[in-house]
> 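Questions regarding the structure given below will be posed in turn.
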Amino acid sequence: MNHSMKAALYQAAALTFEELGFLFPNAELEPGQKSAVVDGMVNLDFYGPFNGSLILRVCGEILPTIAANMLGQDEPPSVALQQDVLGELGNVVCGNALPLIAGREVVFRLSPPCILGTESALENSAAQIQIGLEGGRADVFLFIKQ
Amino acid sequence: MAFNVLVVDDSAAMRSIIIKTLRISGVPLGEVYQAGNGQEGLQAVEENWIDLALVDLNMPTMGGEEMITQLRANPDTENLPIVVISTESSDTRIASLRGQGAGFIHKPFKPEELREQISFITGVSNESFDEGGAVSGSGFDF
């Protein structure tokens with residue numbers, strides 16, 4: 001596992017959830033966070049000096065809370081809007097992680113976010129991290145194509 | 001005097017967040033228009049009086065860079081104040097956008113960053129926002 005990639009993924013995810021979702025992340029997961037059930041996944045492909053994809057997975061029914069926080073609403077928005085929020089979270093995590101990994105001089109192009117089924121395969125990632133968020137967690141996986 | 005603002009982003013959620021942040025920032029707002037890509041953004045500029053465009057980069061159909069290029073190539077819109085709001089972090093790409101006269105804000109962003117960047121790109125001082133938004137020499141009538 002590449003530790004600098006993991007550090008980049010964690011830094012980008014923590015910044016995103018704190019500043020966009022208004023949730024304070026914790027690095028050491030509590031038992032309830034570890035066992036939280038997956039409730040949404042999004043994939044973003046990126047193209048640049050190296051190609052690959054980033055998958056963001058949220059677990060523990062935190063997506064409705066994050067979406068409501070981001071939109072400034074008391075009640076969670078529609079499922080469609082929650083998925084839109086998940087896509088934007090993935091976009092921001094990916095957009096912030098790549099320059100931490102590859103430097104600020106290089107240019108990456110990102111694909112539009114693509115919502116995945118919660119059972120999608122996640123093997124052979126180059127790096128992955130978990131981040132505790134209230135009663136749930138977020139997982140970030142980075143895949144690099146050879 | 002208030003700004004008529006166009007928000008261009010393919011995410012409806014992000015458009016809502018930007019508009020909410022605009023309201024929190026204290027920038028005086030008139031009409032707020034929304035578009036889901038650069039093509040729709042150009043159409044909105046053609047059909048409405050826009051004082052300021054807030055534009056994402058990576059969008060389907062037409063991205064923000066192409067939209068900005070077309071705006072700058074049109075004598076009617078070549079001086080339209082534009083702020084790009086994006087996850088883009090490449091210094092090379094950001095410098096290219098600044099070269100086209102666009103401001104830049106990196107996602108995620110805070111209301112004060114949005115306010116400062118709008119002040120910088122429009123030439124309206126921060127203090128003027130609180131006083132009602134008098135224009136200070138930008139050449140635009142808001």
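Proteins get letters first, then strands, A, B, ... in listed order; numbering begins at 1 in each. Keep in mind it's a predicted model, so treat the numbers as computed, not measured.
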> Treat each ILVMFWY residue as a node, draw an edge where side-chain heavy atoms are under 4.5 Å apart, and state whether A:Val106 and A:Leu44 are in one component.
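Cluster IDs for A:Val106 and A:Leu44 differ.
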
> Go through the atoms of A:Leu15 and report whether side chain, backbone, both or neither lie under 4.5 Å from a heavy atom of chain B.
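Both parts, backbone and side chain.
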
> Tell me whether the count of non-hydrogen atoms from other residues, nucleotides or ligands lying under 6.0 Å of CD in A:Glu61 goes above 12.
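Counting other residues, nucleotides and ligands, CD of A:Glu61 stays at 12 neighbours or fewer.
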
> Applying a criterion of heavy atom separation less than 4.5 Å, what residues of residues 25-42 of chain A form contacts with chain B?
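Residues of residues 25-42 of chain A touching chain B at under 4.5 Å: none.
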
> A:Leu89 and A:Leu116: same hydrophobic cluster, using ILVMFWY side-chain contacts below 4.5 Å?
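Different clusters.
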
> A:Val107, A:Asn91, A:Asp84: which one forms the most heavy-atom pairs within less than 4.5 Å of chain B?
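Winner by heavy-atom pair count: A:Asp84.
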
> Which heavy atom of B:Ile17 sits nearest a heavy atom of A:Met70, and at what distance?
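The answer is CG1-O, 3.2 Å.
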
> CD of B:Glu78: more than 12 outside heavy atoms within 6.0 angstrom?
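Yes, the 6.0 Å shell around CD holds more than 12 heavy atoms from other groups.
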
> With a 4.5 Å cut-off on side-chain heavy-atom distances among I, L, V, M, F, W and Y, is there a chain of contacts connecting A:Val58 to A:Val79?
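No, it is not one cluster - the side chains of A:Val58 and A:Val79 are not joined through contacts under 4.5 Å.
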
> Can you name the nearest heavy-atom pair linking A:Phe22 to B:Lys20, along with the distance?
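Result for this residue pair: CE1-NZ, 4.4 Å.
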
> Do you know which two heavy atoms are closest between A:Glu105 and B:Thr92, and how far apart they sit?
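For A:Glu105 and B:Thr92, the tightest heavy-atom pair comes out as O-OG1, 2.8 Å.
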
> Picking from B:Met59, B:Lys110, B:Glu88, B:Met14, which has the most non-hydrogen pairs under 4.5 angstrom with chain A?
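Ranked by heavy-atom pairs under 4.5 Å with chain A, first place is B:Met14.
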
> Please determine whether the number of non-hydrogen atoms from other residues, nucleotides or ligands lying under 6.0 Å from atom OH of A:Tyr47 exceeds 12.
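More than 12 within 6.0 Å, yes.
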
> Quick check for you: among A:Gly95, A:Gly103, A:Gly48, which has the greatest number of heavy-atom pairs under 4.5 Å with chain B?
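Most pairs with chain B among the choices: A:Gly95.
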
> Side chain, backbone, both or neither: which part of B:Lys107 has a heavy atom under 4.5 Å from chain A?
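The answer is both parts of B:Lys107.
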
> Within a radius of less than 6.0 Å around CD of B:Glu46, do more than 12 heavy atoms belonging to other residues, nucleotides or ligands occur?
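No, not enclosed.
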
> Taking side chain as everything from C-beta outward and backbone as N, CA, C, O, which of these in A:Glu88 sits under 4.5 Å from a heavy atom of chain B? Side chain, backbone, both or neither.
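Contact with chain B involves the side chain of A:Glu88 alone.
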
> Checking the side chain of B:Ser89 only, and the main-chain atoms of A:Pro99 only, is there a donor and an acceptor separated by less than 3.5 Å?
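Flag not set: sc B:Ser89 to bb A:Pro99 has no pair under 3.5 Å.
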
> Taking a hydrophobic cluster as the set of Ile, Leu, Val, Met, Phe, Trp and Tyr residues connected by side-chain heavy atoms closer than 4.5 Å, whether directly or through intermediates, do A:Ile55 and A:Ile129 fall within one such cluster?
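A:Ile55 does not cluster with A:Ile129.
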
> Can you hop from B:Ile68 to B:Met62 via hydrophobic side chains spaced under 4.5 Å?
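The answer is yes; both residues are in one hydrophobic cluster.
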
> Can you give me the closest heavy-atom contact between B:Ala13 and A:Val85, atom names plus distance?
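What the structure gives for the nearest pair is CB-CG2, 3.6 Å.
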
